[in-house]
Amino acid sequence: MAKGNPILQNGVKSEWITPVTTLDNEHGIRHIEDYEKIARYVPEGAPGGYRAAKKVLQSGMTADDIINAVKASGIRGKGGAGFPTGLKWSFVPKDNPGPKYLVINGDESEPGTFKDRFILEDCPHRLIEGCIIAAKAMGAHQVYTYIRGEFFDSIRLLKDAVNEAYAKGYLGDSPFGTDYPVHFAVHSGAGAYICGEETALLSSLEGERGHPKLKPPYPAVEGVFKKPTIINNVETIAGVPAVFDAGPEWFTARGSEKSPGIKLVSVSGCVRNPGWWEVEYGITIGELLDMAGGLRPGRKLKALIPGGSSCPLMKSDCPPVKFTYEDVQAAGSMLGCAAMIVLDDSVDIVKAMGSISHFYAHESCGKCTPCREGTRWFRQIHDRIVAGGGRMEDLDTLIDICDGIETKSFCPLGDAAAWPVRSAVTRFREDYEAHIRRSMEARAAGETAAVTAH
Amino acid sequence: MAKHEIEWVNIEVDGVPLRVRKDRYLLWSLREAYYDVPHFCAHKWLDPPFAGCRMCMVQIETGGKMWPKLQTSCSTLPSEGMKVYLKTEPVVQARKEELEFHLLNHPLECPVCDKGGECMLQDQSMDHGVSAGRYIEEKRIRPDAILNDYMRMNYKRCFHCKRCVHYGENIDGANLMKFVKRGAETRIESYPEPGEAPRFSGNLIDICPVGAITARSYRFMGRPWEQELRHSVGSFDSVGANIWLCSRLGEMARVIPHDNDQVEFGLIDDVTRFAYECVNDPRLLSRATLRSQGGSEQVSQGRGESEAGRRLAAVLGEHGPDSIGVLAGSGLNSEEYLALAKWCGSVLGSGYYHFGESLFAGAAPSAAALSSFVHEHPGIDEIVNASTVLSLGCDLFEEAPALGLRVDIAARRKKLKLLSARSHRSDADRFATLFVNYGYHNLLRLVRGLSNALSGAGECPEEFKPLAEQLRSIGDDCAVVYGQEVWQNAAPAELIEALSALRSAIAAANGGKPVWLSPVFPGVNSAGALLLGNLSAFGVSAGSELKPAAGGLKTLLEAAASGKLRALVIFDYDILSTYPDRALVRKALDSVGLVVYCGPFENPTSEAAHIQLPLGSFAQREGTVVSMEWRVQKREAAVLEIAAADVAEVLNGLTTAMQGAAVADTMQGLYLELCERLPQYPREAFVDFPYEGRRMKPQLAEAAPAQRSELPAEFKGSADFPLVLVPKRFLYNDRAEIRCSPVFDQVAKPFHAFMNPQDMKVYNLAAGDQVELQDDKGSSTLPIQSASWVRPGSVVINDYCIAAPVNVLAGFDPVRVRPRKAQPAKAGEAALASSGGAE
Ligand SMILES: Cc1cc2nc3c(=O)[nH]c(=O)nc-3n(C[C@H](O)[C@H](O)[C@H](O)COP(=O)(O)O)c2cc1C
Ligand code: SF4
Ligand code: SF4
Ligand code: FES
């Protein structure tokens, strides 16, 4: 296993986004006691030291100026959908007299992803600084962060950082001595994947059941507490200060035209050195695999999920594909939240899909019929195939179930559940068939044995 | 009116042009145009749409471009030029797929399911499903559960449409049903409020598209297609909710709403829904009772009638005209009132008759009040669509539940501004913009104060000024609704005049915008009783047959008490329990030599009668009734095995016994005669009366209200009697239909004295204690319950409770009482505790 801080060792080392001061632990491994040692507060004036926020607030930039800068940088949402961030901010109705809210989505629950958590723990001040700028851009004075309930330490550390920021006068009634109050509240979820979906998150934040809500009205028009609301991912906002530190050009100079800038990638699965890296868009999947230490010796790549468990599986020919939204999509999958899950040839695809379908059946909120019943059904079918009761017609049934869910469920969780199953059954059909054939033979043999024993 | 202007857009459905409302989701417009769009989770009550079942998906094209995904029509608004496709391959395919999902866990038990035959899932499966299932995994099952006193949950049939949860959250607010857990594990659990009687829970049975929520009293009772349906009207309030009386094999099977969007919108209360059980109950009288010193004797109806007729004839022979008084409750049909009025005139020669409860403190109606009833009052439609509703002295949930709920829904959705003033708080104010508590018997003070404040002349107590301020901005229109605290007031006529004046003041303060005044009458046909009991006031020439009424109810009772009247004939009116001046009624019953009571059930009044005759119940007599909005609707008789007499038949029997012969009146004949005499009474084919009814406007000269501005002094507790007694009309009371329906036996009925927790402390009382309430006339003992909705310094008790009758204390005049902890358990109190059933 490679030693040292994975960020320093392999990543792009952009001091603009993730601070270089995170861990000086010799092994680059986190121990719980290290958390207390992390220098979270960055000296004033240094990148990440609220330089950008101070500039934005004190220089009298208007909301439009800020939004235009963010638009120019081409930053896209890092929560999964990749929606252009500046554009999203411009949807807030300008003439609305009441309060507006900025909500930060830190519910990070997609299997495979673990990037927001490190921002919250290593450089929470980047997030807070980004929030101040975003709040100013959309006219909000209150920021809510909704952090996944299981992230006890992240929540604690973020709260500490918020207190620090209040104490330093970066947050509060007059941040940096300006008359633009920004307040910050940390809220924790209760462990539901669906509460990462923006409207469900807002319901949960309001104290309601975590069910997605009908759109329109879109959150930008009527969101939390029925007020205009912008929801952004933690990573998206943590990247915003750099737009004003390094300039929009810094982003557009990197990545591709449609996917400019940089991205945190979490790599997990059958690699020797799983971890997260800050990379420029446009790096290939193969390079990412190498960063993560490659496969174990003697193992071959079987399948790869590029963007988190909800993205379609790619086949072993994927390493040359460039890691951009458009290239991954052209190759038949999605970049999602860039949570790469690597499966080598020791993995039984049927079992792996069984466990993914367990996740979705467990996390479906139950609001809409196709997702509630469909996820349960394909979980049951996978369980049966794995247990040796598979039938060839199950494969068609699985595809039919996906047909019934995809584009027909209420929120994207349904699609997210169906994509991996559909891609597995179509792209790895021979694995399923082999599995089923084996168990059919075993059953037949068992029957013969039973008959002869009689 | 500008605000009700409808915007239309033109769309195309499968190539056929259709004009639809712009603000209405596609599903409803399509269904209204007779397109079959399957749907499970959408329901006309529920807004915003839930869009969870995904059955209603359609394909949509705008601007020449097909939308990439199918859309749920229940949550899609139309736009000009939109093209909607219902029959394309993807739509048909999607329906099949979604239906398969719906059926995965559904048991194959339609043949034993109550909903079979009227189940949406069953229907859709026939239309859009496949015949064989391919689901071989384990189904989701759970044992049944009891939801509340009325309903049972059949979990395995529940297909998670979640209508029931949304009903609890967005419609009745009782939150009976809730989600538990997530995904396919989601369960719908019930959380009944302990100690509280459900009010609108039965609607869940209708809103559940499948047989998951079933009525405990109807379970396994039969199939919808074997039932005989008869149209009727909710008989326990004056809203006029449309219902079906369903009977099977000659017995009542159930009551279901008969969706009248102009009246109750399909939302009925639990009493209206379940009180039909009394019709099957042995306590429904079928035989007459003759009582004498020596005891009582059960005889046939015919014998009873001839006995009564004989004795009435004797009284008549001895004392001549005006010696017999006739009373009738507010539950009779208009035709029956007419028959009675004629009988009084032509057979008894008596002007001593009174129909309906006392609305004017026992006096005859004043011209100004009648004019207000006729000229200033809105329809239910206008009330629920008004910009502002001011509810005065009236608990809509208890007195007019269906209307109350509709107003509540509109207020919750911020479609109207609800202002409320009453002597105590209630659930009906939960979405009120402003609530003012004026303390019992101070309504006139409030009304005059408001008028004064609005017109800028005269005095207005400080605490009422915010309400007056609200009334300066009513929006487009305003409906003022008033009820029980007016009818129980010492001077209702004066109060109604003050209300009329307030109405003009509100209109004047708002530039002449429409303002209405709507009385909530106590009974199903109070308006009909008022009309037919005062025909001369409505310009019907008396002629020889009809004698004008000799005065109000009080005049009649006093005449009886003073010995002027020698006999009383009472039709279905428990006057002893409900008339505020119990002593007077008692004296009247004791003084006349003969009391004939004719009604479907026994009650304290009938027990005081010498002869008790059976009468058909509300479900058995046909005829028309007039609701609070002057809507004339017909109640048909349910198809039942037991015979039942209506008032005309009873009168026939009596007259035959008295005179040897009688001209038999039929209901149809009486109806035609009614239309003759009262040309404004809507004339329709009687057998085929339009079920939604017809609104009428009786002819009456307009009388201007007297303008008076002086404020009466505030009424409060005194040193000796510190608490003001508030008799309150509750939905659950001791009316016979509730007492005699076993379904209500376990329901926690509000037969308590309710006191503010603050006062409970002062008088050292604990919930459940027996408390004796004393005034200078008498005392009443009943268990006490603490309730924060009661105004400190007052005590609320059910105005119709046989075991602890409020009219022992209360009269029309304001009553103050002194509470005292009673010694535990005397015989009478034990009886009360058990009939209350709560503790
Ligand atoms: C089922 C589901 C789960 C999601 N979970 C997350 C999550 O954990 N974190 C996140 O940032 N976005 C999540 N999203 C995406 C959000 O709905 C939303 O698009 C995002 O927060 C927008 O932020 P961005 O524009 O900065 O990406 C999820 C979406 C779906 C449909
Ligand atoms: S697709 Fe439907 S059931 Fe699944 S999470 Fe979204 S709303 Fe809930
Ligand atoms: S109980 Fe009935 S209404 Fe409620 S979710 Fe189930 S099927 Fe729907
Ligand atoms: S009726 Fe439209 S989704 Fe259920």
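Being a predicted model, the structure only gives us computed values, none of them experimental. So you know, we letter chains A, B, ... as the sequences are listed, proteins then strands, and number each from 1.
Taking 4.5 Å as the limit, every side-chain heavy atom of Asp396(A) sits out of range of all side-chain heavy atoms of Arg134(B). Side-chain contact check for Glu169(B) versus Glu208(A): every heavy-atom pair is 4.5 Å or farther apart. Under the 4.5 Å side-chain criterion, counting only non-hydrogen atoms from C-beta, Lys408(A) is in contact with Leu70(B).
Listed in order of number, the residues of residues 77-84 of chain B that approach chain A to under 4.5 Å between heavy atoms amount to none. Listed in order of number, the residues of residues 85-109 of chain B that approach chain A to under 4.5 Å between heavy atoms are Ala94(B), Glu97(B), Glu98(B), Glu100(B), Phe101(B), His102(B), Leu104(B), Asn105(B). Inspection of non-hydrogen atoms places Ala184(B), Thr186(B) of residues 184-193 of chain B under 4.5 Å from chain A. Listed in order of number, the residues of residues 60-67 of chain B that approach chain A to under 4.5 Å between heavy atoms amount to none.
For chain B, no part of Glu406(A) is nearby; none of its heavy atoms comes within less than 4.5 Å. Using a 4.5 Å cut-off between heavy atoms, His362(A) touches chain B through backbone and side chain atoms alike. Of the atoms belonging to Asp383(A), not a single heavy atom falls under 4.5 Å from chain B. Of the two parts of Pro68(B), neither the backbone nor the side chain holds a non-hydrogen atom closer than 4.5 Å to a non-hydrogen atom of chain A. No part of Thr375(A) comes within reach of chain B, as not one of its non-hydrogen atoms sits under 4.5 angstrom from that chain.
Aromatic ring orientation, Phe179(B) versus His211(A): perpendicular (interplanar angle above 60°, classes split at 30° and 60°).
Among the candidates Ala361(A), Gly404(A), Cys368(A), Cys371(A), the residue making the largest number of heavy-atom pairs closer than 4.5 Å to chain B is Gly404(A).
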For this session: Kindly indicate, with the supporting measurements, whether the criterion side-chain contact (heavy atoms from CB on, under 4.5 Å) is fulfilled by Glu137(B) and Ile381(A).
Result: CA-CA 8 Å; Glu137(B) 325 301 330; Ile381(A) 293 181; 3.6 Å; yes
For this session: Could you go through the salt bridge (Lys or Arg N to Asp or Glu O under 4.0 Å) check for Glu373(A) and Arg140(B) one step at a time?
Result: CA-CA 10 Å; Glu373(A) 303 298 342; Arg140(B) 189 169 49 213; 2.9 Å; yes
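For Lys414(B), the NZ atom is loosely surrounded, since the number of other residues' heavy atoms within 6.0 Å does not exceed 12. Sparse packing is recorded around CD of Gln329(A), with 12 or fewer heavy atoms of other residues, nucleotides or ligands lying under 6.0 Å away. Surrounding NZ of Lys22(B) are at most 12 heavy atoms belonging to other residues, nucleotides or ligands under 6.0 Å away. Around CD of Glu393(A), the count of heavy atoms belonging to other residues, nucleotides or ligands within 6.0 Å exceeds 12. At most 12 non-hydrogen atoms from other residues, nucleotides or ligands lie less than 6.0 angstrom from NZ of Lys258(A).
Arg54(B) and Ser409(A) make their closest contact through NH2-O, 3.3 Å (heavy atoms, listed as atom of the first residue, atom of the second, distance). Minimum heavy-atom separation, Arg182(B) to Cys365(A): CG-CA, 3.7 Å. Residues Lys367(A) and Phe50(B) share a closest heavy-atom pair of CE-O, 3.2 Å. In plain terms, the two heavy atoms of Gly52(B) and Pro370(A) that are nearest each other are O-CD, 4.4 Å.
Taking OG1 from Thr72(B) and CG from Leu214(A), the interatomic distance works out to 6.5 Å, rounded to the nearest 0.5 Å. Phe410(A) CZ to Ser75(B) OG: the interatomic distance, rounded to the nearest 0.5 Å, is 7.0 Å.
Between the side chain of Lys162(B) and the main chain of Gly366(A), a donor-acceptor pair closer than 3.5 Å is present.
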